[in-house]
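Worth knowing before you read on, the calculation uses all heavy atoms, side chains too, and leaves out hydrogens, waters and symmetry mates. Keep in mind that what you see is a predicted model, and the values were worked out from it rather than measured.
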Amino acid sequence: MFSRFNVLWLRRFAFPENVRYYAGVHQKNPQLKPATATVETIKAKLASSSTPTAEEWKSIRLNILNERRFNITNVDSVVLGLCPNLRMGKSYIAFLHQQGLQTNLAIVGKLLRLYRLKEGKLTEEDESDIWRMYSELREQNAILDANTCEHAINALTLTKHWKHCLELLEMIKISGTPDSSSYNCIATKAFQSGDESTGWIMMQEMCENKRLPNDDSFLAWLDYSRKREDQPFSANLERMLQFTNDRSVFLSKRIGKQLLELPSEFGIRVQETRITDGGKCSSCKGTLSSIVVSEDMFQSLRDKFLTAVLINKEIFNRTTPEELNRFQAFLAKTLPYDVVIDGLNVAFSSGNQKSPIVYAQQVAAVVRHYVRQKKRVLVIGRKHMDKWRSREMKYIRENSFLFLTDDLYVWVSGLLESTATYFTFASFRSQDDPFLLYAALESGPKTDFFSRDLMRKHSFMLGNELSGVFKRWQQEHQYSLLSIMPDGRVLIKAPFKYELYAHKSCDNRWHVPLVELGYRIPKVEKQNDWLCLSIE
């Protein structure tokens, strides 16, 4: 077998740049997917309880080969990918052997993954077959491609040989990042086997690599915790809930159902509940914890934002040196503000096929809303807004500060005064979000901003450590437009200024939000369904 040391050596020296692409992406080309009509026809045939005959398999194979994208090298892997269960997959492999056709790496990989879809419980013979196929693969290939590694992990974690998956995981990292399935299969099997250390390492690494834990991993941890007599179940449950808070992960309703069914002897009382917009629990009448962004965390975010989002490695990402110098000078003269408004975001909130007068009316209505509250307002827009000649634009200029970014750039060079650094940059459209966020941050920790944008790309550019701080600050300070009434009143969506994820209050009580499906990234907002969980 290829040793773990050799895998790490190859990763370090053969791939020194360590490019983090999705593992196996080269084999998941959508162009290699059969036409929709072909797929539906084959799936309908394979969905029946009867196994296809040799003639029927031949017909299915020919249907795919008739499409020009496929040939005798890749057709069999495609057919296996359409098989709904292990029984069908084994039937097709038997057909190939009858026809004297050889199985390649991709075919064996797909077959291994089908062991996850077996109808009924895996037998000892099934486990032996998995180990035999994997051993043959390793004898013939010192290093497996990422896609085959993922298939093998899905199968090996059904057996007692699951720890070989740790080596396969390192192989995947040679060319990319393991997928969620690989991490979850290993974490689940580790918890089932009582190896909680490996299980939590997988869970942590998975989240660090932007992969989502699934229900199976959490359920395996709960099952493991039930069986531990030397550890209180409540402590292990709190460990899981704290993990979801630390990693900004939502639990699914399926997990919630398991928690609701916990036996009373565990000393945990769980109730379904609703949370008001004011953060109040309808069950215990308590209030959720408020979002906390400390002064030090806010200062770190403000210090990092300029270089991480607007400037990066001496190349301007979102602006030019001249424009940034102009903007910084403008801020120095006009700070602070109570609210910073994304002018174009508000203008286009009712569609982008309206007249400039309507756009100006939209922005003016929001500005008027805050001016009536005696707020100090900054509006950020584009220079073409100067052409919106109307009394509304006149009102905006007279009642708020207005900064307009350039519409289009060409190749230029310049000196950024604040850092005395010389830059060269390319032609592209200016973006308003970075200016909006930069102004709000520079204005101070009490300043709000007004936009419907999710700001995900800016959060990502700040890195793992500050990304969480940015999201909390965003959650606390972002307002957005719902609608403008005929009488000019503005309906605004205010931020939910309480914890969005599972968290513990001072009275030994947890509030746990639930989403429909844990393996899909939900919109980061207050969820409708919650659990109120108290520990005796």
Side-chain angles (χ1 to χ4, degrees), residues 4 7-8 23 112-113 115-116 121-122 127 130-131 134 146 149-173 177-252 254-259 262 266 268 464 501-502 504 510 512 514-515 517-521 533 535:
R4 182 181 174 90
V7 170
L8 295 174
L112 280 170
R113 195 164 196 134
Y115 277 87
R116 283 257 156 201
K121 191 176 180 180
L122 237 62
E127 293 193 30
I130 291 172
W131 179 244
Y134 173 71
C149 285
E150 290 168 0
H151 294 325
I153 287 172
N154 270 262
L156 279 176
T157 45
L158 297 170
T159 75
K160 63 183 179 182
H161 305 288
W162 66 273
K163 288 198 173 182
H164 288 267
C165 295
L166 300 176
E167 182 185 355
L168 295 175
L169 207 65
E170 295 302 325
M171 285 189 198
I172 296 174
K173 293 175 188 177
T177 303
D179 65 356
S180 297
S181 176
S182 298
Y183 278 122
N184 278 298
C185 284
I186 298 174
T188 298
K189 187 62 176 181
F191 290 144
Q192 290 172 344
S193 304
D195 188 348
E196 62 177 85
S197 174
T198 297
W200 282 112
I201 288 172
M202 292 297 105
M203 298 284 276
Q204 298 279 0
E205 189 176 311
M206 184 186 334
C207 292
E208 288 169 2
N209 287 327
K210 311 299 182 187
R211 304 290 189 244
L212 282 177
N214 65 21
D215 291 352
D216 291 341
S217 295
F218 289 121
L219 290 174
W221 173 249
L222 291 176
D223 288 341
Y224 165 77
S225 301
R226 285 171 183 261
K227 300 170 185 175
R228 290 300 301 264
E229 296 181 356
D230 59 330
Q231 296 176 357
F233 178 84
S234 59
N236 283 339
L237 174 59
E238 289 192 282
R239 180 178 183 178
M240 183 183 86
L241 295 177
Q242 188 59 51
F243 171 83
T244 65
N245 180 279
D246 294 341
R247 296 296 177 174
S248 301
V249 172
F250 288 111
L251 294 177
S252 74
R254 183 183 171 200
I255 305 294
K257 185 174 183 294
Q258 291 285 316
L259 296 178
L262 288 176
F266 284 149
I268 299 170
N464 286 335
Y501 300 97
K504 186 179 182 180
W510 285 83
V512 184
L514 302 175
V515 296
L517 299 170
Y519 59 85
R520 290 184 182 173
I521 301 176
L533 187 153
I535 300 175

For the student: nearest non-hydrogen atoms of [X] and [Y], plus distance:
X      : Y      : result
Asn236 : Gln231 : ND2-OE1, 3.0 Å
Tyr115 : Leu158 : O-CD1, 3.6 Å
Pro178 : Arg211 : O-NE, 2.8 Å
Ile153 : Cys185 : CG2-CB, 4.2 Å
Gly194 : Tyr224 : CA-CE1, 3.6 Å

TODO: Only counting residues at least two apart or in another chain, list the ones meeting ring pair (Phe, Tyr, Trp, His ring centres under 6.0 Å) with Phe191.
DONE: Trp200, Trp221
Does [X] reach the side chain of [Y], with side-chain heavy atoms less than 4.5 Å apart?
X      : Y      : answer
Leu262 : Arg226 : yes
Leu259 : Leu237 : yes
Gln204 : Arg247 : yes
Ile186 : Leu166 : yes
Ile255 : Val512 : no
Ile535 : Phe266 : no
Thr177 : Lys210 : no

Task: From CA spacing to verdict: side-chain contact (heavy atoms from CB on, under 4.5 Å), Tyr183, Leu169 - done: CA-CA 8 Å; Tyr183 278 122; Leu169 207 65; 3.8 Å; yes
- [ ] Please test Ser252 against Asp215 for side-chain hydrogen bond (donor to acceptor under 3.5 Å, both in side chains), starting from the C-alpha separation and ending with a verdict.
- [x] CA-CA 7 Å; Ser252 74; Asp215 291 352; 2.9 Å; yes
Task: Criterion side-chain hydrogen bond (donor to acceptor under 3.5 Å, both in side chains) on Asn214 and Ser180, from CA distance to verdict - done: CA-CA 8 Å; Asn214 65 21; Ser180 297; over 6 Å; no
Value rounded to 0.5 Å, distance of [atom1] in [X] from [atom2] in [Y]:
X      : Y      : atom1 : atom2 : value
Cys165 : Met171 : SG    : CE    : 11.0 Å
Leu241 : Phe218 : CG    : CZ    : 9.0 Å
Cys149 : Glu170 : SG    : CD    : 10.5 Å
Asp195 : Met202 : CG    : CE    : 9.5 Å
Leu168 : Lys163 : CG    : NZ    : 15.0 Å
Thr159 : Leu122 : OG1   : CG    : 9.0 Å

For [X], give me all partners under side chain to side chain donor-acceptor pair (under 3.5 Å), at least two apart in sequence or on another chain.
X      : answer
Thr244 : none
Arg116 : Thr157
Asp246 : Gln242
Ser217 : Asn184, Thr188

Task: Residues that Lys257 engages under salt bridge (charged side-chain N to carboxylate O under 4.0 Å, His left out), provided they are two or more places apart - done: Glu261
Open item on the list: According to side chain to side chain contact (heavy atoms under 4.5 Å, CB included), who are the partners of Ser193, at least two apart in sequence or on a separate chain?
Closed with: Trp162, Lys189
Open item on the list: Would the distance check show the side chain of Arg113 and the main-chain N or O of Asn154 forming a donor-acceptor pair, the cut-off being under 3.5 Å?
Closed with: no
Open item on the list: For Leu533 and Ile268: C-alpha separation, side-chain torsions, deciding distance, then whether side-chain contact (heavy atoms from CB on, under 4.5 Å) applies.
Closed with: CA-CA 7 Å; Leu533 187 153; Ile268 299 170; 3.8 Å; yes
TODO: Can you tell me which residue pairs pass the salt bridge (charged side-chain N to carboxylate O under 4.0 Å, His left out) test with a partner in residues 236-245, sequence neighbours excluded?
DONE: Glu196-Arg239, Glu238-Lys504
